[in-house]
2 protein chains.
Amino acid sequence: MYSQAEENYLKTIYNLENRYGSDVSTNLIASKTNTKASSVTDMLKKLSAKNLVQYRKYQGVHLTELGRKGALKVIRKHRLWESFLVQKLNFKWDEVHDIAEQLEHVKSEVLIDKLDAFLKFPKLDPHGDPIPDAHGRTILNKTVVISEMKIGSAGVFVGVRDSSSEFLQYLNKKNLALGDRIKVIDIEPFDGSYHIETRTHRLVITNSVADNLCLKNVK
Amino acid sequence: MYSQAEENYLKTIYNLENRYGSDVSTNLIASKTNTKASSVTDMLKKLSAKNLVQYRKYQGVHLTELGRKGALKVIRKHRLWESFLVQKLNFKWDEVHDIAEQLEHVKSEVLIDKLDAFLKFPKLDPHGDPIPDAHGRTILNKTVVISEMKIGSAGVFVGVRDSSSEFLQYLNKKNLALGDRIKVIDIEPFDGSYHIETRTHRLVITNSVADNLCLKNVK
DNA sequence: TAAATAATTTAGATATAACTAAAAAAATAT
DNA sequence: ATATTTTTTTAGTTATATCTAAATTATTTA
Ligand SMILES: [Mn+2]
Ligand SMILES: [Mn+2]
Ligand SMILES: [Mn+2]
Ligand SMILES: [Mn+2]
């Protein structure tokens, strides 16, 4: 099927399309994958030749239907393995991403379907991200990031946009966990920082942190 | 740490040393890995430069202590993943080897130790092979292959030397499973084939099959 | 709109891990 | 002991996925 590098690009492009709109630039991909723009150009040509992306020189790329399907398979594998690591092997949510980056490239449809069944077909991974089923379908998980909320509004913390161990360890340190009710107390106009409140404590977070916390049932 | 290719060579050399004695030839490695002798020579030089093997031109190789430790880690991972696939995901013993060939290259000591604990520290994999513990130690598992047995002797079938799906499916078809008591009824001098008997049936196996079935408590 | 700047692509290089074909060394046979 | 055969190594090539530096195209600024 696809090489590891190809799978990583599919996943990255899929995620970037969702975050930043449907035409993804070379530099954006390069920065998210810690590679150089020239390397990205090379790979985009290859993906284009395989009909996985629509690519026009200098115009950015987006996934084709085939590419989207490929991306969803990789994402399904990644999130199921993360769920396995947390639920069955007792890893913490901040420890699983890098291991799942490796496990997601293991090739076997049967394996991943059996893993899905073993985990009782989870709908969300340990970071609150929806897990595509065997057909690539996910539940829709409508959330609002804190940076889009108004003063006085509140919701339930159900997901993160960044699941790097660095960010998650920061959240651990600040005693913020999935399921917490969070209320926006104040927004500092000077630097865009947020004063927020949980049931147990108050704290200040920067705008870039606020940009990565997803809340549900925001009112 | 080591690349996938390097890990595969370590594992192969370790297994060949045990089967055929301590100096392993280039061609033997090439045939077991489905590569060409010239490729093997290239890799042996690389492994030698990393102090993983002792290599002298035209004289074959053997693992150094460092290489042996590396090999045991790969084998530990392979066999633990095979055990997981059979015990937790309900794979059959003939379906797990190729998937484990991929999983064995996932890099994380913590992962494999947690997997070991999750499986309750199994001592043998689904093919009867001993699983090295975190320190590289295995139980000693003294077995005799049928091709070394005399007429009239019998034992318990506890392991296979070949765990390819082809061979295991052959055993399934012939209704031979681990735990079966097997008795040697006759040896055909003409072609070296074995007439054997289990509690439920009799059958004839070729010498090459007899060479791959390991029995315990042979009397 | 022309110049400056930024983004992207091309050209050429590197590392890994394969390969084929030819050369060299070792083992076997005459 | 020499010739033949087999095994192993060397030399040179290929594919993948990266890189740097230079060239090209697009965008922004003046
Ligand atoms: Mn992740
Ligand atoms: Mn996740
Ligand atoms: Mn195996
Ligand atoms: Mn096995």
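Bear in mind the structure is a predicted one, so any value in this text is a computation, not a measurement.
Interatomic distance, CG of A:Leu176 versus CG of A:Leu168, reported as 11.5 Å (0.5 Å rounding). Remark: A:Ile29 CD1 to A:Ser39 OG distance equals 12.0 Å, nearest 0.5 Å. Distance check, rounded to the nearest 0.5 Å: CG of B:Asp98 to OG of B:Ser163 gives 10.0 Å. With values rounded to the nearest 0.5 angstrom, A:Ile13 atom CD1 is found 11.0 Å from A:Tyr55 atom OH.
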N/O to N/O distances under 3.5 Å, protein versus nucleotides 25-28 of chain D:
unit_1, atom_1, unit_2, atom_2, d
D:dT25, O4', A:Tyr58, OH, 3.2

### Task
Report, as a single string ordered 5' to 3', how protein heavy atoms within less than 4.0 Å touch nucleotides 13-18 of chain D: B base, S sugar-phosphate only, - not at all.
---SSB
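For A:Asn27, no side-chain nitrogen or oxygen approaches OP1 or OP2 of C:dA6 to under 4.0 Å. Note on B:Tyr55: a side-chain N or O is less than 4.0 Å away from OP1 or OP2 of D:dT9.
Each side chain to side chain donor-acceptor pair (under 3.5 Å) pair with one or both residues in residues 17-28 of chain A, not counting sequence neighbours, appears once here: A:Asp23-A:His62.
In this structure, B:His78 has its ring center under 6.0 Å from that of B:His97.
If you take CG of B:Leu47 and P of D:dT9, they are 13 Å apart, rounded to a whole angstrom. Rounded to an integer number of Å, the gap from NZ of B:Lys45 to C1' of C:dA15 is 16 Å.
Here B:Thr41 lies in heavy-atom contact (under 4.0 Å) with a base.
Where B:Leu28 and A:Val40 each meet DNA chain D at their nearest nucleotide, the meeting point lying more 5' is that of B:Leu28.
For the pair B:Lys88 and B:Phe118, the cation-pi test (distance below 6.0 Å, angle within 45°) is passed.
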### Task
In sequence, state the C-alpha distance, the side-chain angles, and the governing distance for B:Phe84 and A:Phe84, and then conclude on ring pair (Phe, Tyr, Trp, His ring centres under 6.0 Å).
CA-CA 12 Å; B:Phe84 166 72; A:Phe84 167 72; 5.1 Å; yes
